[in-house]
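Take a look at the structure below.
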Amino acid sequence: MAPRTPIKNVDRDRLYTDIMYRYQYVSDFVGFDETDIKALKDAAPLIAPLVPVIADAVYDRLFSFDITKQVFLERGAGFHGHIAKNLSEMTTEDEQIKHRKNFLSKYLVKLVTAEYDAKFVKYLDYVGKIHTNTPDKKSTINVEYVHVNALFGWLHGFLAETLNGLPELQANPAARGKALGALSKLLWIQNDFFAMYYVRDGSELMGKKTKTSILSGVSNSSLAMFGGVMMSVFAVGIAAGMRYAMK
């Protein structure tokens, strides 16, 4: 008889009050470990610093549907310039869209250059939160989760198809399969950082989240691992954007 898999104890309250605890739980559940991180890091050198390309690809997709495009009729936090009055007037070359692309580009750069400490993890939390209508943010923008989830689904397919076609990985099927699996797991983990602000699960506990809970029980190596993971996935995304742009 095969040995039983040991049951891990999970503190439900901490899933909704401690961000790093939640990250570790989701990572453990999907089986995202150091071998996945290595696979993504091994794929990272295949790409270059092409952040603007992936930013353009994301906004081109968002502008392909009126319901996602109309979100950008709202003024984003930190932008004080002209805003288009209607969808037909708005283009991806508008001042506010360029501002948003710049924010996205800085976000991607931060993921690959930041010190992976408490400040960085709080930043990831902030990025998920600012897309919702939580009362403690300045802008009125609220992106409904159906669109966030759809974008992640599109990005998943976009990156997986492109990564699968890289000649360097075509020559190594084992590495290709591992990289694709790691990418899939990681995108679901990233999606959870957004989902936590939309679902009602644990809503009775969310108000108890504290500034210190983010590091509760987390080692420096865990923080470094998380940072390395995020570095790799967006590096892959950048490469994907360039390969599509060159077609």
Side-chain angles (χ1 to χ4, degrees), residues 40 44 47-65 67-84 87 90-114 116 119-134 137-159 162-163 183 186-198 226-227 229-245:
L40 291 173
I47 54 87
L50 305 172
V51 168
V53 175
I54 190 64
D56 285 344
V58 168
Y59 274 89
D60 285 344
R61 191 62 181 175
L62 291 170
F63 270 50
S64 297
F65 299 87
I67 198 167
T68 49
K69 184 178 180 180
Q70 70 183 15
V71 172
F72 304 105
L73 292 173
E74 294 281 349
R75 184 179 297 277
F79 179 74
H80 306 290
H82 172 74
I83 298 178
L87 294 184
M90 192 192 325
T91 73
T92 55
E93 296 302 312
D94 283 5
E95 187 179 352
Q96 176 169 223
I97 304 307
K98 289 182 178 180
H99 172 80
R100 289 176 174 278
K101 285 184 180 181
N102 184 54
F103 177 85
L104 176 58
S105 295
K106 287 181 178 179
Y107 168 67
L108 297 175
V109 170
K110 191 176 183 71
L111 289 177
V112 300
T113 61
Y116 303 114
K119 183 178 180 180
F120 177 70
V121 178
K122 289 179 183 178
Y123 176 72
L124 293 178
D125 178 38
Y126 164 79
V127 170
K129 180 165 61 177
I130 61 173
H131 290 84
T132 68
N133 60 355
T134 51
K137 73 184 185 78
K138 295 180 179 179
S139 74
T140 59
I141 290 176
N142 179 54
V143 182
E144 294 177 341
Y145 183 68
V146 61
H147 313 305
V148 174
N149 191 53
L151 181 61
F152 270 106
W154 170 81
L155 184 62
H156 186 186
F158 177 77
L159 298 181
T162 304
L163 184 62
L183 177 63
L186 183 56
L187 287 177
W188 281 102
I189 294 169
Q190 174 70 94
N191 193 358
D192 184 65
F193 273 93
F194 282 79
M196 63 183 289
Y197 283 101
Y198 292 90
F226 181 72
V229 170
M230 300 308 299
M231 178 189 300
S232 300
V233 71
F234 279 102
V236 172
I238 293 166
M242 174 54 75
R243 288 181 62 84
Y244 267 70

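Computed from a predicted model, the values in this text were never measured in an experiment.
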(request) Provide the closest heavy-atom pair for Lys69 versus Met90 in the form atom of the first, atom of the second, distance. (result) NZ-O, 3.1 Å

(message) Which heavy atom of Tyr59 sits nearest to which heavy atom of Ile97, and what is that distance?
(response) CD2-CG2, 4.0 Å

(message) How close do Val143 and Tyr198 get, counting heavy atoms only, and between which atoms?
(response) O-OH, 2.7 Å

(message) How close do Leu73 and Ala84 get, counting heavy atoms only, and between which atoms?
(response) CD2-O, 3.4 Å

(message) I need the single residue from Glu95, Arg100, Lys98 that forms a side-chain contact (heavy atoms from CB on, under 4.5 Å) with Phe79. Which is it?
(response) Glu95

(message) How long is the straight-line distance from CG of Leu183 back to NE2 of His156, given to the nearest 0.5 Å?
(response) 5.5 Å

(message) Hydrogens and angles aside, do Thr91 and Asp94 bring a side-chain donor and acceptor to less than 3.5 Å of each other?
(response) yes

(message) So, using salt bridge (charged side-chain N to carboxylate O under 4.0 Å, His left out) as the criterion, who are the partners of Lys101 when residues are at least two apart?
(response) Asp56

Table please: side-chain donor-acceptor pairs of residues 144-151 below 3.5 Å, with sequence neighbours left out.
{"residue": "Tyr145", "atom": "OH", "partner": "Asn191", "partner atom": "OD1", "Å": "2.9"}
{"residue": "Tyr145", "atom": "OH", "partner": "Asn191", "partner atom": "ND2", "Å": "3.3"}
{"residue": "Asn149", "atom": "OD1", "partner": "Asn191", "partner atom": "ND2", "Å": "3.1"}

(message) Does Trp154, at its CH2 atom, have more than 12 non-hydrogen atoms belonging to other residues, nucleotides or ligands within less than 6.0 Å?
(response) yes

(request) Quickly, which of Phe193, Phe194, Tyr126 forms a ring pair (Phe, Tyr, Trp, His ring centres under 6.0 Å) with His131? Name it, please. (result) Phe194

(message) Using 0.5 Å steps for rounding, measure from the CD atom of Gln70 to the CZ atom of Phe63.
(response) 11.5 Å

